[in-house]
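Worksheet: one structure, shown below.
Chain naming here is simple, since letters A, B, ... match the order of the sequence lines and numbering starts at 1 in each. Just so you know, these numbers use all the heavy atoms, side chains as well, and skip hydrogens, waters and symmetry mates.
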Amino acid sequence: MAEAGAVAVAAVTNYEVDLGNLMAYDPSHHLAAASSSRGELREECLRKGTELAQAVADALFALPATEDRDGPMVHLPPLTTRFPREKHLPKPKPPTKWEQFAKMKGITKRKKNKRDWDEQTQTWKRTYGYDRVNDDRDIPIIEAKATDEPGVDPFAQRREEKKNRVEKQEKHRLENLKKAAKLGALPSHIQLAATALPITGTKADVPKKSRKKDLEDVAGMASSATASGGKFDQKLPGEKPLKNPGKHRKFLPVVEGRGMGNQEKQQNDKILNALLAKSSDDQMDVGKAITMYKVKKEKQRRKEKETSSASNKLKTQKKPLKKFVKKKA
Amino acid sequence: MVAIRVPKSQRARRELLKHAPKLVETGKKTLILHGTKTSAVLNSALADIFHLKRDNAVKFSKKNDNIRPFESGGETSLEFFSLKTDCSLLVYGCHSKKRPNNLVLGRTYDHHIYDLVEVGVESYRSIESYVYDKKLAPKLGSKPFFAFIGEHFESVDELKHLKEILLDLFKGEVVENLNLAGVDRIFVCTAISPTTVYMTHCALHLKRSGTSIPRIELVEVGPSMDLVVRRHRLPVESLKKEAMKTADHAKKMKNVTKDPLQGKLGKVYIPDQQIAKMTLANDVKGLKRERREAKKNKEHSKKQKMNAE
């Protein structure tokens, strides 16, 4: 930790200076005897603090300074000590359905004016809001067409159509939000209701609902239990046909390319070993033995790494709370 | 039953947009609160910390009795408050007979607890008890210097963790350009034993010296306390890896090189041919069809010949 960003060599010792954080660290200081009084401790700390502060100031004032109206400004180097973020990195929004369509068709956005010329009243009117251009409610007369049925109110029809359009738009908006929320890129002014996510734990702890595809696959998995591989199983109406019906038979290739070992020889060896072995312990699957050994070694190595890196003194209690609490010294 | 909540006013919307995750993060906000019982020392300690971080800290005054940071279920309240106030640094004080003057410093990631350090406050001297020249008083919001003294900060895990958290807590905004006239405070932390840190806050007095670099003098102004590390909780490895990700790892385009003569170059890799797994190239059905058609044509031409003759 605390790698030197810009190492300032003090007169006696080497301090580690992180200029981006305005920090100086003296790793080689041993405090004098613990019996020193409070006042002496203070003095010592202040003295050492002054030295370190001087080291930082030396490095800081040595940077090229530009004159600003408040005073000299320096450009700090990037930090050496890394801090964790407070929030996740922002994920880019997935394109909405309309955006995808527009990209495919090559439709670009065009700016609308705030005011437009209204032919009916021969004035400039705003494009949205109160008293707008081409308002649906301002149409006084709708001429009847030959295709119109008698008894149908065209004004009500227009209102109906508008309502349908608005509903469709709302539905699409919600679908777009759901798609964004699934990817974790929900726009930040929109909040999910409190019941949607658990408060503690990370997002990975939220149990995912099983997808339709998974449920369909489960039915197919059971077919491997039958002798013919699910080929003659009775299917419910509406169930999709199996993807890989029938028994899986594997044949050795006619031409063997470059590879590990002769497959036919291995097959024969396996059968011979099984036949000629006097007990089941005699035959050894060399490949399997190697894999088991490797896995065991890996686990050991991982465990050793964890125990050596974790602190020995105050280990965090990972076990669930017991009924009685052990008193620590 | 709507699962999505949209703010009804533009002001609420703007406030929520301020809480959005940013690519490059500037200062973190601090939440200061206390538990069921606090002592006089703890009260003044919390007040002083709030005073030091006035601009970007929130201090709750009510007592909260269902917060137990080191227990698995006891941090829901803390996370909820962190979510509502948009604070990612927590300072929680509580006093009990077993842990007197207890202060828990914590950080959150995405409003879930990232790591915690529990310290006990001893030999506390508050800001009021210091007498000094008021002209030297450090201004609010200035970027502080830090001085860490002692080898224990490197060798002992708890002190390493405490150092990280103290840096995060007091460093203020992350800025690129610093005004040299505005440096006026320093936090001096000395590791006096493998479990204790003596922390004090001083003002910097820049004195004129011969060179362009001023001579520094420390004047104690702020709170000074002994922090005894009691417990700590390091972040989970997966969470730590995610939190330490930085924004500037742009996607590197692999396999593309630019040649000044030939322009953009890339290599095409052809994988090994798996002869054992390849199907035969001759279309067997097609072969049959070809033979069939060839036979048909031969018959046809034979017939034509016979007809011609």
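Counting only distance, with no hydrogens or angles, the side chain of Arg85(A) and the backbone of Lys22(B) share a donor-acceptor pair below 3.5 Å. Put simply, the side chain of Lys48(A) never gets that close to the backbone of Gly150(B): no donor and acceptor are under 3.5 Å apart.
Under the 4.5 Å side-chain criterion, counting only non-hydrogen atoms from C-beta, Tyr114(B) is in contact with Pro84(A). At least one side-chain heavy atom of Phe145(B) sits less than 4.5 Å from a side-chain heavy atom of Leu60(A). Between Glu154(B) and Tyr25(A), some side-chain heavy-atom pair lies under the 4.5 Å cut-off. In this structure, the side chains of His189(A) and Arg14(B) stay at 4.5 Å or more apart for every pair of heavy atoms. With contacts defined as side-chain heavy-atom distances shorter than 4.5 Å, the pair Ile186(B)/Leu52(A) does not qualify. The side-chain heavy atoms of Phe61(A) and Ser212(B), taken from C-beta on, include no pair separated by under 4.5 Å. The side-chain heavy atoms of Tyr198(B) and Arg42(A), taken from C-beta on, include a pair separated by under 4.5 Å. You'll find the side chain of Glu164(B) stays beyond 4.5 Å of the side chain of Phe83(A), heavy atoms only.
Contacts between Lys143(B) and chain A at a heavy-atom distance below 4.5 Å involve backbone atoms as well as side-chain atoms. Contacts between Ser123(B) and chain A at a heavy-atom distance below 4.5 Å involve backbone atoms as well as side-chain atoms. Of the two parts of Leu177(A), only the side chain, counted from C-beta on, holds a non-hydrogen atom closer than 4.5 Å to a non-hydrogen atom of chain B. Looking at Lys240(B), neither its backbone nor its side chain comes within 4.5 Å of chain A, counting heavy atoms on both sides.
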Begin with the C-alpha distance, continue with both residues' side-chain angles, and end with the deciding distance and a verdict on side chain to side chain contact (heavy atoms under 4.5 Å, CB included) for Lys163(B) and Met23(A).
CA-CA 11 Å; Lys163(B) 177 181 172 198; Met23(A) 179 185 86; 4.1 Å; yes

Working note: Gln54(A) + Ile213(B), criterion side chain to side chain contact (heavy atoms under 4.5 Å, CB included); need CA distance, chi angles, decisive distance, verdict.
CA-CA 9 Å; Gln54(A) 194 66 53; Ile213(B) 302 174; 4.2 Å; yes

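The shortest heavy-atom contact between Ile149(B) and Cys45(A) is CD1-O, 4.1 Å. Residues Ala57(A) and Ile216(B) approach most closely at CB-CD1, 3.3 Å, considering heavy atoms.
Summarising the geometry, atom CD1 belonging to Ile190(A) is positioned 8.5 Å from atom CZ belonging to Arg13(B); distances are rounded to the nearest 0.5 Å. With rounding to the nearest 0.5 Å, the separation of OG1 in Thr50(A) from CZ in Arg215(B) is 10.5 Å. Within the model, atoms NE2 of His75(A) and CG of Leu178(B) stand 11.5 Å from one another, a figure rounded to the nearest 0.5 Å. With values rounded to the nearest 0.5 angstrom, His88(A) atom NE2 is found 8.5 Å from Glu242(B) atom CD. Considering NZ of Lys245(B) and CZ of Arg82(A), their distance stands at 11.5 Å, rounded to 0.5 Å. Separation of atoms CG (Asp86(B)) and NZ (Lys87(A)) is listed at 3.5 Å; rounding is to 0.5 Å.
Put simply, of Leu17(B), Val6(B), Leu23(B), the one with the most heavy-atom pairs under 4.5 Å next to chain A is Leu23(B). If you tally non-hydrogen atom pairs under 4.5 Å between each of Ser82(B), Ala12(B), Ala20(B) and chain A, the highest count goes to Ala20(B). With chain A as partner, the option from Pro144(B), Ala181(B), Cys202(B), Gly182(B) having the largest number of non-hydrogen pairs under 4.5 angstrom is Pro144(B). Contacts with chain A were tallied for Val188(B), Val175(B), Asn177(B); Asn177(B) has the most, counting heavy-atom pairs under 4.5 Å. With chain A as the partner, the residue from Lys28(B), His152(B), Glu15(B), Glu217(B) showing the most heavy-atom pairs under 4.5 Å is Lys28(B). With chain B as partner, the option from Gly71(A), Pro72(A), Gly49(A) having the largest number of non-hydrogen pairs under 4.5 angstrom is Pro72(A). Counting heavy-atom pairs closer than 4.5 Å to chain B, the top residue among Ala24(A), Ala62(A), Ala65(A) is Ala24(A).
Counting heavy-atom neighbours within 6.0 Å of Glu264(A) CD, excluding the residue itself, gives a total of 12 or less.
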